[in-house]
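Take a look at the structure set out below.
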2 protein chains.
Amino acid sequence: MESINIKDVARICGVGVSTVSRAINNHPDINPETKDMIMQVVKEHNYIPNNSARNLKRTDSKAIAVLIKGISNPFFSKMIRIFEKEIHKKKYSFIMQHVDAGEDEVDVALELIKEKKPRGIVFLGGFFSHSKEKLEQLAVPFVLSTIGMTDSLEESPFYSWVSVDDFAESYKMTDYLCKLGHKRILILAATKDDESIGRLRLEGYRKALKDNGIELDEDLCVFSGVGRDCYTMDYGFMAMSRILEEKKTDFTAVYAISDSIAIGACKAITEYGMKIPEDYSVAGFDGLDIAHYYNPTLTTIRQPVEEMAEATIKILFDVVSNHADHQKRVFKAELMEGESTRNVK
Amino acid sequence: MESINIKDVARICGVGVSTVSRAINNHPDINPETKDMIMQVVKEHNYIPNNSARNLKRTDSKAIAVLIKGISNPFFSKMIRIFEKEIHKKKYSFIMQHVDAGEDEVDVALELIKEKKPRGIVFLGGFFSHSKEKLEQLAVPFVLSTIGMTDSLEESPFYSWVSVDDFAESYKMTDYLCKLGHKRILILAATKDDESIGRLRLEGYRKALKDNGIELDEDLCVFSGVGRDCYTMDYGFMAMSRILEEKKTDFTAVYAISDSIAIGACKAITEYGMKIPEDYSVAGFDGLDIAHYYNPTLTTIRQPVEEMAEATIKILFDVVSNHADHQKRVFKAELMEGESTRNVK
DNA sequence: TTGTAGGCGTTATCAT
DNA sequence: ATGATAACGCCTACAA
């Protein structure tokens, strides 16, 4: 219970606290024998320095913090693993901080900066519609990773940004389906009020249809109910089942704005006794591993997750260590042709 | 840059620091007008209390910490979401702490206890083969969640444990396959030196074979190379492909010790031109959502993840708030019959 | 090479 | 209801 502190260690060793401090922090100017003796006592008594006290005193921390909003995103675990690896490679320590659903990520960051004094921050996920003045409070370099570009994220030279162009990639997929001869493409979109990637992907779809001379049919735009997690297999299944039951509209292709939704839709179609791609073509978005392992393999837009994660850290370190300028980096995603779509011309 | 502290706020407000402290901490004995005035200044100057200083001074924290080892586990995001919800419901705050691959989770916990003084800890994942004396250093109640029971985790009354019985459930699945008439069941196991759930599931398989009068064929036990993440679709695919190419042994069923591995195996079998379950039955373990959405639906052991997560928090709070005794809670998993297995009698 | 003392920003105790 | 002040545990000048 009563846990030991640096003073106790000093007393036990018969030295001053600064000597103990030097020992545990690998300072050069200390007698090796003294150090060994101290470390011995430290081990024996299980002395563990109090990080709060350390953080309070320090100005420097040699740490990168990653703030995660919405842990359910299937990309994140892969990205976090890369963050961890890359950050360690640079001999920095890695602070992973969770941001609750209702919480403001910038407020959390502000708190964290005071508390742990990280040298850089990665914001992962979330919507990020913050005012410029709020963002400017962040006195630590940061990069927005895998966050949909919204209008409020105009060219600001004081932070970095790594993502794909959701609009353009969604356009690419829709255009691909059009070129396959599909004229009636159902889209399984996010919630109607979505302001982030959900909206961007929907708009890419709209634009592609238009450019292909296909008139937008609102009946083919399916939205998730508000307040529900809409990038799920469950949503895809439910929505698709309902549509098939209703038989209100016909279509030859389904474009789901995420692979999870697409897989849910596939299930609904199969259960309904229809075949993919013979009866319906199905396309997704994200390029999850499962898209490749699914049966049939799913046509999707593969985001280069690993590269994006690596770039995130690289850019951050460039800014942190080399005082490089902030970058806005847009990665090109790849359209993966799977067995789930077919030519209907 | 120069960030404001409680003294500055006090000076600006023309009051003492303790009054400011009372205001920001919702202490009762403060004049509402004074408080309003202070809070006004706090907002205007974006004052944010320094948590390190707070933690240093406080003895109490009203927080539960969750330590996560191996973020790639597909269960975790679901569990973490429930942890977050349940912890918030109790008006506690939620500290999520990542444990690096090489790090010792107990050491991390020890550090965290000093730093943040949580009232309880959840260990999620990892192997947890710690000596009793090491565990006893933890002065804070903790529960091991979804951690394979190993021999070193004997009946210890000073911590809780929530999991499924990997041995028994694996036995159940293997027995099920035997009862379907399969006599040659290939198992896609973990690494050979696995000491945790990988070993437990393998032993369940062995025992079930024995009880069904089937002699163990070592050629049917496939292990992952050491050092690789073996609960992946990639491993399942690679291993299964190799086996099919080699044609060294024959079998009628494949039992993968995780759903991810099973899906990888399914892909390999399908690509090889074989049909599931006509040519090979395939079974998994875990009960991921995808098992239900996969085509064919996967026969698997569904772990009651949500209930386990809820129980984890419930037990922890019982110990923390009500001084209840620690519990070892074994959840029963459910064998989900999918389309991937068939009767061969 | 080592020890002493002050201060990091808070909260808590004690006066007032 | 409010203010001064002593910790909390550590690091780091500065002194020895």
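So that the names make sense, note that chain A is the first sequence line, chain B the second, and so on, each numbered from 1.
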**Request:** Please lay out, stage by stage, how Asn55(B) and Asn51(B) fare under the test side chain to side chain donor-acceptor pair (under 3.5 Å).
**Result:** CA-CA 6 Å; Asn55(B) 293 331; Asn51(B) 278 323; 5.5 Å; no
**Message:** In this structure, how many angstroms lie between the C1' atom of dT2(D) and the CE atom of Met37(B), rounded?
**Reply:** 12 Å
**Item:** Six-ring centre of Tyr159(A), Lys328(A) cation under 6.0 angstrom, axis tolerance 45°
**Value:** yes
Protein N or O to nucleotides 7-10 of chain D N or O, pairs below 3.5 Å:
residue : atom : partner  : partner atom : Å
dA7(D)  : N3   : Lys57(B) : NZ           : 2.7
dC10(D) : OP1  : Tyr47(A) : OH           : 2.5
dC10(D) : OP1  : Asn50(A) : N            : 3.1
dC10(D) : OP2  : Ile6(A)  : N            : 2.4

**Prompt:** Does a side-chain heavy-atom distance below 4.5 Å link Ile313(B) with Ile82(B)?
**Reply:** no
**Request:** Please check if the distance between the ring centroids of Phe94(B) and His98(A) is under 6.0 Å.
**Result:** yes
Name the pairs: protein N/O against N/O of nucleotides 1-3 of chain C, kept only if under 3.5 Å.
residue : atom : partner  : partner atom : Å
dT2(C)  : OP1  : Thr34(A) : OG1          : 2.5
dT2(C)  : OP2  : Asn31(A) : N            : 2.8
dT2(C)  : OP2  : Thr34(A) : OG1          : 3.4
dG3(C)  : OP2  : Gly16(A) : N            : 2.7
dG3(C)  : OP2  : Thr19(A) : OG1          : 2.5
dG3(C)  : N7   : Ser18(A) : OG           : 2.8
dG3(C)  : N7   : Arg22(A) : NH2          : 3.0

**Prompt:** Could you state the CZ-P distance from Arg11(B) to dG9(C), rounded to the nearest angstrom?
**Reply:** 12 Å
**Asked** How about Arg54(B) and Asn50(B): do any of their side-chain heavy atoms sit closer than 4.5 Å?
**Response** no
**Message:** Once side-chain contact (heavy atoms from CB on, under 4.5 Å) is applied, do any residues pair with Lys69(B), and if so which ones, sequence neighbours excluded?
**Reply:** Val99(B), Glu105(B)
**Message:** Looking at Lys89(A) and Glu86(A), is there a salt bridge between them, counting it only when a charged N and a carboxylate O are closer than 4.0 Å?
**Reply:** yes
**Message:** Is there a side chain to side chain donor-acceptor pair (under 3.5 Å) between Gln137(A) and Glu133(A)? Walk through the geometry before answering.
**Reply:** CA-CA 7 Å; Gln137(A) 286 182 46; Glu133(A) 60 171 1; over 6 Å; no
